[in-house]
Trainee: 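I have a structure I would like to understand better, so I am pasting it below and will then ask my questions one at a time.
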Amino acid sequence: MPRRDRLSEHDRSYPVRMCVGCRSRAAQSDLVRLVADGGAVIPDPMGRHPGRGAYLHPDPRCWESAERRRAWPRAFRAAGRLDTSRVAAFFAEESRWSGAR
């Protein structure tokens, strides 16, 4: 997967986060926040859920990369496997809408 453009120093006047899928830095507003709720990872597009968040581009390739690398336990500092079915459904829905444009 090609790396996305890097942000220059003058572009950092807003919060910058790293995508756990492609590992590139982007504006927080361009990424989808995910949180661990118990043993499940859930999407938090409004950024209101408490707890440690991980960020991902709303791109199926980034989702697939994060799944392939098993990034979730590291991102959330959790022991064991986390259920990502709700996030998979969220990204399936997102790709359905973005494909309709």
Trainee: Considering non-hydrogen atoms only, spot the tightest contact between Leu56 and Gly21 and give its length.
Mentor: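 Where Leu56 meets Gly21 most closely, the heavy atoms are CD1-N, 3.5 Å.
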Trainee: Might you point out which heavy atoms bring Pro73 and Leu82 nearest each other, and give the distance in Å?
Mentor: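 Minimum heavy-atom contact is N-CD1, 4.3 Å.
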Trainee: Quick one: side-chain hydrogen bond (donor to acceptor under 3.5 Å, both in side chains) partners of Asp83, sequence neighbours excluded?
Mentor: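 Once residues adjacent in sequence are excluded, the partners of Asp83 under the side-chain hydrogen bond (donor to acceptor under 3.5 Å, both in side chains) criterion are Ser85.
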Trainee: How about Arg74: does its CZ atom have over 12 heavy atoms from other parts shown lying under 6.0 Å from it?
Mentor: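 Atom CZ in Arg74 is crowded, with more than 12 foreign heavy atoms closer than 6.0 Å.
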Trainee: Locate the shortest heavy-atom distance separating Phe76 from Ala36; write the atom from each residue and the value.
Mentor: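 Answer, listing the atom of Phe76 first, then Ala36: CE2-N, 3.6 Å.
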Trainee: Has Asp37 got a side-chain atom pairing as donor or acceptor with Ala40's backbone, closer than 3.5 angstrom?
Mentor: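 Looks like no, no N/O pair under 3.5 Å.
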Trainee: Using modelled atom types only, decide if a donor and an acceptor are shared between the side chain of Arg77 and the backbone of Arg52 within a distance under 3.5 Å.
Mentor: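 It does not hold such a pair.
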Trainee: If I compare all heavy atoms of His57 with all of Phe91, which pair ends up nearest, and what's the gap?
Mentor: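 Nearest pair, atom of His57 first, then Phe91: O-CE2, 3.4 Å.
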Trainee: In Å, rounded to the nearest 0.5 Å, how long is the span from CZ of Arg25 to CG of Leu31?
Mentor: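 Spacing of CZ (Arg25) from CG (Leu31) equals 11.0 Å.
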Trainee: So, for Val41 and Arg86, which heavy atoms are closest and what is the spacing to 0.1 Å?
Mentor: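 Heavy atoms of Val41 and Arg86 come nearest at O-CB, 4.0 Å.
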Trainee: Looking only at non-hydrogen atoms, find the nearest pair between Val35 and Gly53 and report the distance.
Mentor: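 So the two residues come closest at CG1-CA, 4.2 Å.
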Trainee: Side-chain contact test, heavy atoms from C-beta onward, threshold under 4.5 Å: evaluate it for Arg69 versus Arg23 and give yes or no.
Mentor: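 Of all side-chain heavy-atom pairs linking Arg23 with Arg69, at least one is under 4.5 Å.
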Trainee: Under 3.5 Å, side chain of Arg33 to main-chain N/O of His49, donor-acceptor pair present?
Mentor: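 Yes: the side chain of Arg33 pairs with the backbone of His49.
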Trainee: Just do the side chain to side chain contact (heavy atoms under 4.5 Å, CB included) check on Trp72 and Arg81 with the steps written out, would you?
Mentor: CA-CA 8 Å; Trp72 308 118; Arg81 201 159 163 85; over 6 Å; no
Trainee: Please check if the number of heavy atoms outside Arg70 that lie under 6.0 Å from its CZ is greater than 12.
Mentor: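 No, the 6.0 Å shell around CZ holds no more than 12 heavy atoms from other groups.
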Trainee: Can you tell me how far apart CZ (Arg61) and SG (Cys19) are? Round to the nearest 0.5 Å.
Mentor: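 Those atoms lie 10.5 Å apart.
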Trainee: Can Arg17 be said to sit on top of Tyr55's aromatic six-ring, NZ or CZ under 6.0 Å from centre and within 45° of the ring axis?
Mentor: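 Flagged: Arg17 positioned over aromatic ring of Tyr55.
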Trainee: Please say yes or no: joined through hydrophobic side-chain contacts below 4.5 Å, possibly via intermediate residues, are Val20 and Phe90 part of one cluster?
Mentor: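 Yes.
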